[in-house]
Amino acid sequence: QVQLVESGGDSVQAGGSLRLSCVVSGYTDSNYCMAWFRQAPGKEREGVAAIDSDGTTSYADSVKGRFTISKDNAKNTLYLLMNSLTPEDTAMYYCAAALVTPLRWELMIEPDFGLWGQGTQVTVSS
């Protein structure tokens, strides 16, 4: 059974940084697409960043230049380094995986990702 477990969420002040981690267990093949999504209170869940099996990345416009997604295949771990955080980044952050890479994976379409973690909360205060 494949499981995704996120960690690293915290409360920080604006301008600060956080690194989220997502450990994938129960699946040894590293050739899958992964992404980070987030959902703020009262808003729909949105794609933040994605990474393909070959390391190609995609970012939402709102986080370009501030967030970096990366993957350590040896550790089966996905990361999201978040810099220059603002209160608008406050949300529950979810790790997601697609064992078969979606045709337009870079668009981060939620139904394309079949595996999800339980989420980790990020709160940014002004």
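Note that this is a predicted model, so its numbers are computed, not measured. Note that the numbering runs from 1 along the sequence shown for the chain. Reckoned from all heavy atoms, side chains included, excluding hydrogens, waters and symmetry mates.
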Same cluster for W116 and I51 if Ile/Leu/Val/Met/Phe/Trp/Tyr side chains link at under 4.5 Å?
-> no
G26 and V2: which non-hydrogen atoms are nearest, and at how many Å?
-> O-CG2, 3.7 Å
Without swapping roles, check the side chain of W105 against the backbone of V100 for a donor-acceptor pair under 3.5 Å.
-> no
With rounding to the nearest 0.5 Å, note down the distance linking CD in E110 to CG in L107.
-> 14.0 Å
Heavy atoms, side chains only, cut-off 4.5 Å: are Y59 and T68 in contact?
-> yes
Under 4.5 Å between any side-chain heavy atoms of L18 and F67, yes or no?
-> no
Kindly indicate whether the side chain of K64, heavy atoms from C-beta on, has any atom under 4.5 Å from the side chain of R66.
-> no
Between atom OG of S126 and atom CD of E88, what is the distance when rounded to the nearest 0.5 Å?
-> 9.0 Å
Is it possible for you to say whether L80 and L115 belong to one hydrophobic cluster, with membership spreading through side-chain heavy-atom contacts below 4.5 Å?
-> yes
Does L85 share a hydrophobic cluster with L20, counting links as ILVMFWY side-chain heavy atoms below 4.5 Å and allowing steps through other members?
-> yes
Do L99 and V23 belong together in a cluster built from hydrophobic side chains that touch within less than 4.5 Å?
-> no
Nearest heavy-atom approach of M108 to G47 is SD-C, 3.8 Å
Okay, side chain of T123, backbone of T90: is any donor-acceptor separation there less than 3.5 Å?
-> no
Are the side chains of W36 and M82 in touch, meaning some heavy atoms are under 4.5 Å apart?
-> no
Any side-chain heavy atom of S17 sitting closer than 4.5 Å to one from N83?
-> yes
Looking at CG of D10 and CD of Q121, how far apart are the two atoms once the value is rounded to the nearest 0.5 Å?
-> 10.5 Å
Can you find a pair of side-chain heavy atoms, one from D52 and one from T101, that are under 4.5 Å apart?
-> yes
Please check if the side chain of E6 supplies one atom and the backbone of C22 the other of a donor-acceptor pair under 3.5 Å.
-> no
R38 side chain near V122 side chain, heavy-atom distance below 4.5 Å = no
Which value, rounded to the nearest 0.5 Å, describes the distance between D72 atom CG and L78 atom CG?
-> 10.5 Å
Straight-line distance of K71 NZ to Y32 OH, nearest 0.5 Å | 6.0 Å
Between M92 and F113, is there a shared hydrophobic cluster once you connect ILVMFWY residues whose side-chain heavy atoms come closer than 4.5 Å?
-> yes
What heavy-atom pair brings T77 and K75 nearest, and what distance separates the two atoms?
-> OG1-O, 2.8 Å
Compare all side-chain heavy atoms of L4 with those of Y94 and state whether any distance is below 4.5 angstrom.
-> no
